[in-house]
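A, B, ... follow the sequence lines: proteins, then strands. Residue 1 opens every chain. Computed from a predicted structure; not experimentally measured.
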Protein chains: 2
Amino acid sequence: MDLQKRSTEELILEAAQAVFLEKGLAGARMQEIADRAGINKALLHYYFRSKEKLSALIIERAIGVILPRVMAVLDTDMELFDKIRLVVDTYLTFVSRNSFLPLFIVNEVNRNPHFFFRAVVEKERNHLDKFRRQVEEAVAQGRIHPISPAQLFMNVMSLVIFPFLGKPIIQVGLGLSDKDFKREMEHRRTEVAEFVIRAIRA
Amino acid sequence: MDLQKRSTEELILEAAQAVFLEKGLAGARMQEIADRAGINKALLHYYFRSKEKLSALIIERAIGVILPRVMAVLDTDMELFDKIRLVVDTYLTFVSRNSFLPLFIVNEVNRNPHFFFRAVVEKERNHLDKFRRQVEEAVAQGRIHPISPAQLFMNVMSLVIFPFLGKPIIQVGLGLSDKDFKREMEHRRTEVAEFVIRAIRA
DNA sequence: AGGTAGTTTAACTGCTTGGTTAAATTTATG
DNA sequence: CATAAATTTAACCAAGCAGTTAAACTACCT
C-alpha cells in the first residue's frame, strides 16, 4: 500500500500544513496546496472534500501534536525544578523544528476558540492538577517564593513560545542574523529554565 | 473642521483597524469596513484608494503606537530594576486596553517583515544601546547574574506580551473565566517585574 | 484480459471580492 | 443662493476562488 513512498494523502496533508502555516487559513489557496503536493485540484478535492474540512484536520493535527507533549511532562511525578527544566527543553526542541506552528495555532485558536476548547476539554483536562498541587505545596513549604500556579504556568509558556512568534521583531530589534537568532535560541534551552528557577527559588 | 465629531477619515480608520484586527489582513472585507464605519464602499475607496494602501496605513499606525512607548522607556537613564518595573507596567497597561493588537502585529510582521524593518531601522535604531550597556555593566559589576541583554530583552517581552496572544489557550488550559483572566493580568502588572528581578539579581 | 482505484486534463459554474463609474443627492461654505 | 465638496445609490466589471464534472488515461490486482 503506502509502505514504500509517502501516500498521496500524506503528501497533501504535508503540503496543506505548509501552506496554511505560511499564509494562514484565509490566505491559503487550494490551488497552491495541490501544486505543492504535486497533484491537481480535482484530486485534492477527491481526497478532502472541502477547504474547511481540510483545514479542520490540519488544525486538529497541529494542536494534537504539540499539546500532549507538554501535558505529559507536566503530569509526571518529577520534582518541580526538574520538571521545569524538562518541559522547557522538550518544548523548545520541538518548536525549534516547527517554528511556524505556534503562530498558526495562536491564530486559529484566537479566531475560533471552539476547536481548541473541544480538543482540550474532552481529553487533556486536569492534566495540570498535579503541577498545580505541586506548586501550591512548594509555596506552602516555603521552598519557593509565593506564586500562583497560573502565573508560573503563563511565565514558562511565555518564555518558551514567544520568541518564535516575535522572531522578526526580536531579530530586527536586536539586529540578529538568522544564525545569531538560532544561537540565542540554543542558549535558551538551558537558560530559560534556570531563569525561572532563580525567579522562584526561595 | 473635524473638531466636533470624528471625521469620516477617522471613522474609517477605526473601523478598518477593528476589522483587520479581528479577521486578519486576508480575512478582512472592504465591505465590512465600510459597514462598520457607517458608510458605503464607494466612499471608502474615495478616501483610501485600495485595500493595500489602507492596510499599510493601519499596520504603520499599529506599530507606530506601540513601539516608541517601549523604546522611550528603555532609552532613559533610569536604574535597571526600576526600568524593568516601568517598562512592564507601561506595556502591560497599554496592551490590556488593546488586547488584539499584539496578535495583529505579530502576524503581519511575520507575514511581511519588510514593513517592520523599515519602521524600526529608519527611526528606532540603537534605542536599545543604553539598555544593552546597562545590562552588560551590571553583569560585569556582579550586580546581576550573567545574562546577555538579548536574552533579558526577550524574556521581558515574552512575559508581557505572550499571555495576550495565548489568551484562549491559557483560559481553557487553566479554566479561567474572562473575569479570572483579567484579574490574573492585573496581578501580572506587579508580579512580572519582580519575577524578572528575582531571576537576575545576584 | 478485465476491472478497479488513483490520477490527469480541461473546461465550467457560481460566488465573492476589490475596485470602478456615473449620476443623483445631501451638506457645507462663502 | 450658488458652488464645490462629501456622500449615496446602484449598477457594473474583472479577477480570483472553491468546488464540480466528465472523459480519458495509468497502474495495479486477480
Side-chain angles (χ1 to χ4, degrees), chain A residues 1-62 100 104 107-108 111-112 114-115, chain B residues 1-62 100 104 107-108 111-112 114-115:
Chain A
M1 303 269 187
D2 43 334
L3 290 174
Q4 335 224 26
K5 41 178 167 181
R6 292 197 303 290
S7 67
T8 310
E9 203 170 318
E10 286 239 9
L11 273 168
I12 294 178
L13 284 173
E14 279 170 32
Q17 172 140 332
V19 176
F20 281 134
L21 296 210
E22 275 175 40
K23 309 290 173 72
L25 278 205
R29 302 291 158 233
M30 291 299 268
Q31 185 62 60
E32 188 176 351
I33 294 174
D35 290 346
R36 283 220 222 169
I39 58 163
N40 54 339
K41 218 175 45 165
L43 192 61
L44 176 56
H45 278 94
Y46 173 79
Y47 273 92
F48 304 89
R49 281 239 229 309
S50 67
K51 185 181 179 180
E52 215 182 316
K53 293 196 172 157
L54 181 54
S55 64
L57 268 184
I58 297 295
I59 295 177
E60 255 178 64
R61 230 172 67 128
F100 274 90
F104 177 71
N107 249 301
E108 299 320 322
R111 214 75 80 199
N112 179 4
H114 180 249
F115 265 121
Chain B
M1 303 270 186
D2 44 335
L3 290 174
Q4 334 225 28
K5 42 178 166 182
R6 293 195 303 289
S7 67
T8 310
E9 203 170 320
E10 286 245 4
L11 245 77
I12 295 177
L13 284 173
E14 280 170 32
Q17 170 138 333
V19 176
F20 280 135
L21 295 210
E22 274 176 41
K23 309 290 174 72
L25 276 206
R29 301 291 158 230
M30 292 297 269
Q31 185 61 60
E32 188 176 349
I33 294 174
D35 290 346
R36 282 222 222 167
I39 59 165
N40 54 341
K41 220 176 45 167
L43 192 62
L44 175 56
H45 279 92
Y46 173 79
Y47 272 91
F48 304 89
R49 281 239 230 308
S50 68
K51 184 181 180 181
E52 216 182 315
K53 294 197 172 160
L54 180 56
S55 64
L57 268 183
I58 298 294
I59 295 175
E60 256 178 63
R61 230 172 67 128
F100 274 89
F104 177 71
N107 250 301
E108 300 320 321
R111 215 74 82 199
N112 178 4
H114 180 250
F115 264 122

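- B/Lys53 has its NZ atom 10 Å from the P atom of C/dG19, to the nearest Å.
- Distance A/Asp35 CG to C/dT8 C1': 14 Å, rounded to the nearest Å.
- Note: A/Leu54 CG to A/Phe20 CZ = 4.5 Å, rounded to the nearest 0.5 Å.
- With distances taken from any side-chain atom of B/Tyr46 to the nucleotides D/dT7, C/dT7, C/dT8, the minimum falls on D/dT7.
- To the nearest 0.5 Å, atoms CD1 (B/Ile33) and CD (B/Glu14) are separated by 13.0 Å.
- B/Lys41 places its NZ atom 14 Å from the P atom of D/dT8, with the value rounded to the nearest Å.
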(request) Go through the steps to decide whether B/Asp35 and B/Gln31 satisfy the test side chain to side chain donor-acceptor pair (under 3.5 Å), and finish with yes or no. (result) CA-CA 6 Å; B/Asp35 290 346; B/Gln31 185 61 60; 3.1 Å; yes
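- Picking from C/dG18, C/dT8, C/dT7 the nucleotide with the shortest atom distance to the side chain of A/Asn40 gives C/dT8.
- Rounded to an integer number of Å, the gap from CZ of A/Arg49 to P of D/dT21 is 11 Å.
- Residue-level contact check: B/Ala26 touches neither bases nor backbone, having no heavy atom under 4.0 Å from any strand.
- Atom CD1 in A/Ile33 sits roughly 8 Å away from atom P in D/dA18 (whole-Å rounding).
- At most 12 heavy atoms of other shown residues, nucleotides or ligands fall within 6.0 angstrom of atom CZ in B/Arg49.
- Rounding to whole angstrom units, CD1 of residue A/Ile39 and P of C/dT9 are separated by 12 Å.
- Nucleotide C/dA11 holds its P atom 19 Å from the NE2 atom of A/His45, rounded to whole Å.
- For B/Ala42, the side-chain atoms get nearest to C/dT21 when compared with the rest of C/dT21, C/dT9, C/dT7.
- Nearest-nucleotide assignment on DNA chain C puts the 5′-proximal partner with A/Tyr47, out of B/Arg29 and A/Tyr47.
- You'll find that the side chain of B/Leu43 is closest to D/dT7, out of D/dT7, C/dG19, D/dG19.
- Between the base of C/dG19 and the side chain of B/Lys51 there is no donor-acceptor pair shorter than 3.5 Å.
- B/Ala37 comes within contact range of no nucleotide atom at all, as no heavy-atom separation falls under 4.0 Å.
- The heavy-atom pair separating B/Lys41 from B/Ala34 by the smallest distance is N-CB, 3.8 Å.
- The side chain of B/Thr8 contributes an N or O atom lying less than 4.0 Å from OP1 or OP2 of D/dT7.
- B/Gln31 places its CD atom 13 Å from the P atom of D/dA10, with the value rounded to the nearest Å.
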